[in-house]
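Since the structure comes first, as structure tokens, the remarks are kept for the end.
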Amino acid sequence: MASAGEPGADTAAEAEKPKKKDRTHWLYIMVLVAIVAGIIVGLASPDTGASLGVLGTLFVALIKMMISPVIFCTIVLGIGSVRKAASVGKVGGLALGYFLVMSTFALAIGLLVGNIIHPGDGLNATGDPAAGAELAAEAEGEGGTMEFISGIIPTSLLSSLTEGNVLQTLFVALLVGFAVQAMGRTGEPLLRGIGLLQKLVFRILAGILWLAPIGAFGAIAKVVGDTGFQAVIQMGVLMGAFYLTCVVFVFGVLGVLIRLIAGQSIFKLARYLAREYLLIVATSSSESALPRLIAKMEHAGVQPTTVGIVVPTGYSFNLDGTAIYLTMASLFIADALGDPLTIGEQLSLLVFMIIASKGAAGVSGAGLATLAGGLQAHRPELLDGIGLIVGIDRFMSEARALTNFSGNAVATVLVGSWTDTVDKDRLSKVLDGEIPFDEQTMVDDDSHDRKPAMSGSETS
């Protein structure tokens, strides 16, 4: 990436390179066509649509298969290339502090909007005991906060890469990165080897992404086949309020922060990440875009050290969309069952969710299971109401995933600005479209150009 001292050098070098023909725009056109086709199949033949859900599941599984190696390579390369370990600790501390403040703020916004709109008023619904009991058991099986923390340590050094646990991979990558860093010049061959491995991983990932239309077709067909539009219409007020809240949070709250702190436009950042947003909508999983977010943030001028710490950690600790969902869904269920939460109960639930939402990414069926755990801890009689939103949770999960993804993208830029680990000149040019992202490989072949920028942070 661009040298801090010579911002124009990289741009000139890149301009001299022969332009590779980008064929990936056909991929995303195919994804849009697949989404429309999935809706049609789900409406015309619900049973067939429901049976096609396995295609979406398989595609997301392929993406998740690549997450651990992407995170491992990114963090080891980032930390191993920085001489001062203190700079990594500074990035991590700022990131965690920011995540705590923003997730608490998101939870509070959810409560505020829920109390203003009261989306469940007048529904006079009856709950589904089976759905509530099943999700409560699932949430209980995941354990409490201490179990979540102890689960960060893997059974062996290599098991974190094979089990697909993001936090375990992050933990091991930190250990390896600092160990390679301590080896000095002796560790440079290891860094070169891991750099080649990273390029291989991104090549494989680029190939997998061409299966996105098939995955999107199956996922959308299943949702429409299982739910139909009638259930969505009945819960439209809740969905509309939730989507509106997420939009206000991203373009209002996060937009103001990135403008004031980094001097960038949230709209330009959203345009830069447009293809990732489409991929998330198609799969309803922000994890499907995690490797691409890492690659794009590095391309935009944020140093690998910062990207490697902020992005993976944010996927477990900075779940703004999930936080908004948890509080709004709790209020909706209580109002719909005619048993509203008092202000004291809402505040108590807020404190609980601040902790519970940090482990949401590690829970199967994250949003619903964590919601069930919160209701069980505060108002067990409301558990039966979980069944009221199971049908539309899939639609709401898309907004959750998009908001979580946006929050982590903004967090990466903000932490980079605070720690002076982002090339602001390059960031502006990338967001303006002057330095396009290489969609073919997602790898910066001139990664050695990043070293001068990193050396600048070492002396700061």
Side-chain angles (χ1 to χ4, degrees), residues 1 4 71 74-108 149 152 166-167 169-171 173-175 177-178 181 249-250 253-264 266 269 273 286 290 293-294 296-298 300-323 354-355 357-361 403-427 450 453-460:
M1 290 184 180
I71 291 175
T74 301
I75 293 177
V76 173
L77 286 174
I79 295 177
S81 302
V82 180
R83 293 177 183 174
K84 285 189 177 181
S87 63
V88 177
K90 181 180 179 181
V91 170
L94 281 171
L96 288 175
Y98 171 80
F99 294 159
L100 178 63
V101 172
M102 289 310 296
S103 58
T104 303
F105 189 70
L107 287 164
I149 294 175
I152 294 176
V166 172
L167 289 181
T169 302
L170 176 63
F171 177 72
L174 287 171
L175 294 180
F178 282 120
Q181 183 187 71
F249 182 82
V250 171
V253 178
L254 297 181
V256 170
L257 285 176
I258 197 171
R259 170 61 72 183
L260 293 178
I261 297 172
Q264 299 296 332
I266 186 67
L269 181 64
L273 300 173
S286 58
L290 185 150
L293 178 61
I294 290 176
K296 279 202 163 182
M297 287 294 99
E298 289 189 17
V302 185
Q303 290 183 11
T305 313
T306 300
V307 176
I309 296 296
V310 177
V311 174
T313 308
Y315 263 68
S316 288
F317 290 89
N318 188 37
L319 306 174
D320 298 328
T322 301
I354 289 173
I355 300 173
S357 63
K358 298 299 175 289
T403 307
N404 292 341
F405 180 82
S406 300
N408 287 316
V410 171
T412 306
V413 175
L414 296 183
V415 174
S417 299
W418 286 325
T419 57
D420 197 25
T421 55
V422 58
D423 185 334
K424 293 186 177 181
D425 181 62
R426 181 182 177 93
L427 177 62
R450 298 183 189 128
M454 278 189 262
S455 63
S457 67
E458 292 165 11
T459 59
S460 61

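The residues of the chain are indexed from 1 along the displayed sequence. From a predicted model like this one, the values you see are computed outputs, not experimental measurements.
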Would you check if M102 and L254 make a side-chain contact, meaning some heavy-atom pair closer than 4.5 Å?
yes

Partner of I309 under side-chain contact (heavy atoms from CB on, under 4.5 Å), picked from V415, T421, T412, L174, is L174

Shortest non-hydrogen contact from A409 to M297?
O-SD, 3.9 Å

In terms of heavy-atom contacts, A106 and A323 come closest through CB-CB, 3.9 Å

Flag the pair Q303 / D423 as yes when at least one side-chain heavy-atom distance between them is below 4.5 Å, and no otherwise.
no

L269 versus I258: any side-chain heavy-atom pair under 4.5 Å?
yes

Main-chain N/O of V311 paired to N408 side chain as donor or acceptor, under 3.5 Å:
no

Mark yes or no for whether D320, through its side chain, and N404, through its backbone, hold a donor-acceptor pair below 3.5 Å.
no

Non-neighbouring partners of A173 that pass side chain to side chain contact (heavy atoms under 4.5 Å, CB included), sequence neighbours left out:
F72, I75, V76

In the structure I gave you, are the side-chain heavy atoms of L293 and V307 within less than 4.5 Å of one another anywhere?
no

Could you pull out the closest heavy-atom pair between T104 and L100, with the gap in Å?
OG1-O, 2.8 Å

Side chain proximity check, V413 to V422, heavy atoms < 4.5 angstrom:
no

Could you work out, with side chain to side chain contact (heavy atoms under 4.5 Å, CB included) as the rule, every residue matching A411, not counting sequence neighbours?
Y98, F99, V310, N318

Closest approach of Q264 and K424, non-hydrogen atoms and distance?
NE2-O, 4.2 Å

